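Just so you know, these numbers come straight off a predicted model, no measurement behind them. Note that ligands are numbered from 1 as they come in the structure, with each ligand's atoms numbered from 1 the same way.
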Amino acid sequence: MNNIQHHPENDPQYKGLTVNQGINQPPLVNPYLSGRKKRRNYSLSEYVEQILKGNITVLSQAVTLLESQKNEHQSVAREVIEKCLPYSGNSVRIGITGVPGAGKSTSIDAFGVHLIHQRNRKLAVLAIDPSSERSKGSILGDKTRMEELSRESDAFIRPSPTAGSLGGVARKTRETIILCEAAGFDTIFVETVGVGQSETAVHSMVDFFLLIQLAGTGDELQGIKRGIMEMADGIIVNKADGSNIEKANLAAAQYRNALHLFPLPDSGWSPKVLTYSGYYKTGITEIWDMVDEYMAFTKQSAYFECRRNSQSKYWMYESINEQLKNHFYQSPSIIDELSVKESQVLRSELSSFTAAKQLLDRYFLRF
Ligand code: GDP
């Protein structure tokens, strides 16, 4: 016992193990952040004025508004779009597609830097990726995939809208094009994964459709949907570098041959096939010379105007279809009745067509 009392740690003068006075718990919210500007709600005229001045922050907010599910946001967005419409249209709209791994992001990064520095362009990169609704996050148009471009002040990169059907996602992207053009972007990329229906949506909003392909897989022409090749105004074979150059040239020759089998597109332009390396940045000048040549060709033949007009018409009908469909499926009386009819159809008590007719009759009777 005595021993313990004489232990040096029990001596009040002992300094070996002192407990410092604790520090206060820091606040949960960083006080230095409170001085930061909160996101402002702009008025309609402020939105339009700032977008026309090329203010990217306000442009981003307007795009967020049009992607919002809230009706009040959408109605402001619609008015902003209407006001920006007269200032839009003055750009080259390019659809870019390719299977995952084809090198879309590497290429867009390289193309973007080339366009900004060699051709004095302002570039907006948008994306259509309906699958992002399921994965709850967009892969396409992700800034981290385009490292160099994301540091450029003349580039605006926006991932795909994440909510909604393909039609809804595509409509929002098309509206974003209008806002970007009003903000002074003269080159618009719309990126999509070359695996599904989204190409058709992209094709119906761009002037030039670029298909990125790979060589060296041994079965170049397999796995590419004929429809996608038919839509392409240019096919570019990526990764033509190192020991892959020969294979890329061979693949390009095969694509050229395959294209001869297709009828000449309405534009009158014979799609070109080029090889390049997005990673080593070779062959890129030739690709943009091709796009410029196409633009001059279609503007001279008036096909350019014609294609844009028919796209506007297409989107009017698409919009009607989409909104009618949404309205139907969101009507409370239909929501209740849908599952009832569905079970009746599954039990073979009612045919699919009669069930559909009864639901539609019920819907139309209310209006
Ligand atoms: P994405 O899925 O179509 O966007 O393809 P990425 O751009 O992510 O590219 C997929 C892979 O291919 C990455 O590992 C790239 O580094 C590589 N890659 C892309 N372009 C080239 C190229 O021109 N040459 C070579 N050798 N590799 C490339």
Among all protein non-hydrogen atoms, which one is nearest to [atom], and what is the separation to 0.1 Å?
| atom | value |
| --- | --- |
| atom 13 (C) of ligand 1 | T106 OG1, 4.7 Å |
| atom 8 (O) of ligand 1 | S105 OG, 3.3 Å |
| atom 22 (C) of ligand 1 | Y279 CB, 3.2 Å |
| atom 20 (N) of ligand 1 | N238 ND2, 3.3 Å |
| atom 12 (O) of ligand 1 | K239 NZ, 2.8 Å |
| atom 10 (C) of ligand 1 | G101 O, 3.7 Å |
| atom 26 (N) of ligand 1 | D241 OD1, 3.1 Å |

Please answer whether the main-chain N or O of L149 pairs with a side-chain N or O of D109 as donor and acceptor at a distance below 3.5 Å. yes

Going by distance alone, is a donor N or O of one side chain under 3.5 Å from an acceptor N or O of the other, for [X] and [Y]?
| X | Y | result |
| --- | --- | --- |
| T97 | E199 | yes |
| R158 | T64 | yes |
| E152 | H117 | yes |
| Y276 | S107 | yes |

Should the heavy atoms of other residues, nucleotides or ligands under 6.0 Å from [atom1] of [X] be counted, would the total exceed 12?
| X | atom1 | value |
| --- | --- | --- |
| N90 | CG | no |
| Q358 | CD | yes |
| N120 | CG | no |

Taking distance alone, with N or O pairs closer than 3.5 Å, would you say [X] contacts ligand 1?
| X | answer |
| --- | --- |
| P100 | no |
| Y280 | no |
| Y276 | no |
| K104 | yes |
| S107 | no |

F304 ring center within less than 6.0 Å of F208 ring center: no

Would you say I96 and I108 make side-chain contact, with heavy atoms under 4.5 Å? yes

Would you say G98 touches ligand 1, if touching means a heavy atom closer than 4.0 Å? no

So, 4.0 Å and heavy atoms of V99: is ligand 1 close enough to count as a contact? yes

Heavy atom of protein closer than 4.0 angstrom to atom 2 (O) of ligand 1: yes

Using a 4.0 Å cut-off to any heavy atom of S277, which atoms of ligand 1 qualify? 22 (C), 23 (O), 24 (N)

One finds that the ligand 1 atoms under 4.0 Å from a non-hydrogen atom of G278 are 23 (O)

Of T192, V202, I188, which meets side chain to side chain contact (heavy atoms under 4.5 Å, CB included) against L126? I188

